[in-house]
Amino acid sequence: MNKSGTQQLHYTNELGQHQIDLVEEVPIAISVNDLNYAVILITPVDIEAFVIGFAHSEGLIEHTNEILDIDIETDSGQQEGVPTHITANLKLTGRAQHRSSSIMRQRKGASGCGLCGIEAIEQSFPCLAPLSPAPTLTDEQWNTAKEQFSNHQLVGGISGAIHGAMLMDPQGTFLCFAEDIGRHNALDKLIGKALSTSSNLKGCHILMSSRCSTELILKAVRGQVASLGHLASPSTLAVTQAKQYGLHLIHIPRRAAPRHYN
């Protein structure tokens with residue numbers, strides 16, 4: 001795996017053979033205290049930040065001090081049919097392990113077809129506390145963030161085909177940026193980066209390149225951010241969920257004023 005998150009491959013057309021940089025996508029198998037938890041496809045950059053952010057978004061941890069260690073390894077995929085992949089084992093404190101055990105039992109009992117049955121619905125829409133009222137950014141600040149967004153897309157600047165997420169403090173000052181082929185993963189990486197540096201997400205603002213879905217709303221609410229901005233329009237359920245939790249949801253179109261769904 002390339003540290004840049006891209007790999008150079010060849011393709012051909014009527015003019016001959018050419019080289020191109022494509023974004024990498026690899027499986028990561030996450031376990032909690034040596035018990036299998038989930039397998040997810042990610043772009044292999046900021047891996048530890050992703051694991052931390054994913055654990056927080058899943059409710060496995062509330063603070064990084066509940067993580068005793070993270071053991072990350074790359075497996076070259078010697079087994080037939082298994083590609084090169086990453087394994088990440090989270091070693092949690094007793095309190096976090098107790099919490100995660102309950103979550104893992106619920107996951108095992110859920111139907112594999114997605115949102116099926118009462119238990120699966122309840123797990124997909126957890127009961128989270130509404131956010132404390134906090135101001136969002138001005139339209140000028142959102143537009144400025146949109147204009148600066150591409151400057152932080154290191155992987156995207158090489159290959160394209162990747163989502164980005166940008167974190168700003170309550171005043172709108174840039175804090176950090178994350179990229180991944182999956183929009184949910186990009187947000188998890190961003191949250192993980194912030195938590196790893198002891199940054200308080202409360203009252204902060206996030207701008208993402210993707211459309212806004214319900215899962216992103218729930219991750220943002222768990223992080224207690226004030227605003228979630230997107231460069232693509234949200235789904236109807238995302239708008240409903242954002243209103244329910246008191247999260248500012250903003251769409252910043254390419255050639256129109258920011259749209260606030262409050």
Pair I52-E48, side-chain contact (heavy atoms from CB on, under 4.5 Å): steps then yes or no: CA-CA 6 Å; I52 293 172; E48 183 170 306; 4.1 Å; yes
So does [Y] get a backbone contact from the side chain of [X], meaning a donor-acceptor N/O pair under 3.5 Å?
X	Y	answer
Q141	Q171	yes
D46	E179	no
S209	G164	yes
T43	I181	yes
T84	S76	yes
T197	A194	yes
T173	D169	no
R99	L60	yes

Student check: side-chain heavy atoms of [X] and [Y] closer than 4.5 Å:
X	Y	result
P83	V26	no
H163	M208	no
T87	H85	yes
Y245	R222	no
F50	D180	no
Q244	P130	no
V45	K189	yes
H56	T64	no

Non-hydrogen atoms of [X] and [Y] that approach each other most closely:
X	Y	answer
A161	V23	O-CG1, 3.7 Å
S57	D188	OG-OD1, 2.6 Å
I72	A88	CG1-CB, 4.1 Å
L201	G223	CB-O, 3.1 Å
S213	A238	C-CB, 3.9 Å
F149	L207	CE1-O, 3.4 Å

At what distance, to the nearest 0.5 angstrom, does [atom1] of [X] lie from [atom2] of [Y]?
X	Y	atom1	atom2	value
L22	I158	CG	CD1	12.0 Å
L128	L218	CG	CG	6.0 Å
I61	L90	CD1	CG	7.0 Å
T93	R95	OG1	CZ	8.0 Å
R211	L231	CZ	CG	14.0 Å
S100	Y37	OG	OH	8.0 Å

Side-chain donor-acceptor contacts of residues 251-262 below 3.5 Å, not counting sequence neighbours, with atom names and distances?
{"residue": "H260", "atom": "NE2", "partner": "D139", "partner atom": "OD1", "Å": "2.8"}
{"residue": "N262", "atom": "ND2", "partner": "H248", "partner atom": "ND1", "Å": "3.0"}

Can you tell me if [atom1] on [X] sees more than 12 non-hydrogen neighbours from other groups inside 6.0 Å?
X	atom1	result
H98	NE2	no
K146	NZ	yes
Q17	CD	yes

Strictly by modelled atom types, are Q97 and S101 linked by a side-chain donor-acceptor pair under 3.5 Å? yes
State, without any angle test, whether S31 and N89 hold a side-chain donor-acceptor pair at a distance under 3.5 Å. yes
Steps toward side-chain contact (heavy atoms from CB on, under 4.5 Å) verdict (L247, L249): CA-CA 6 Å; L247 175 70; L249 179 59; 5.5 Å; no
Angle class for the F174/H152 ring planes (parallel below 30°, perpendicular above 60°, tilted otherwise)? parallel
By salt bridge (Lys or Arg N to Asp or Glu O under 4.0 Å), which residues pair with E215, not counting sequence neighbours? none
Treating Ile, Leu, Val, Met, Phe, Trp and Tyr as nodes and any side-chain heavy-atom pair under 4.5 angstrom as an edge, say whether [X] and [Y] lie in one connected cluster.
X	Y	value
L216	V225	yes
L137	L175	no
M168	L131	no
L35	I28	yes
V51	V32	yes

If you measure from the Lys or Arg side-chain nitrogens to the Asp or Glu carboxylate oxygens, is any gap between D71 and K91 under 4.0 Å? no
Applying side-chain contact (heavy atoms from CB on, under 4.5 Å), run through F177 and L154 and close with a yes or a no. CA-CA 10 Å; F177 196 92; L154 302 181; over 6 Å; no
Where do K202 and S132 land on the side-chain contact (heavy atoms from CB on, under 4.5 Å) test, with the steps shown first? CA-CA 9 Å; K202 190 172 184 178; S132 300; 4.3 Å; yes
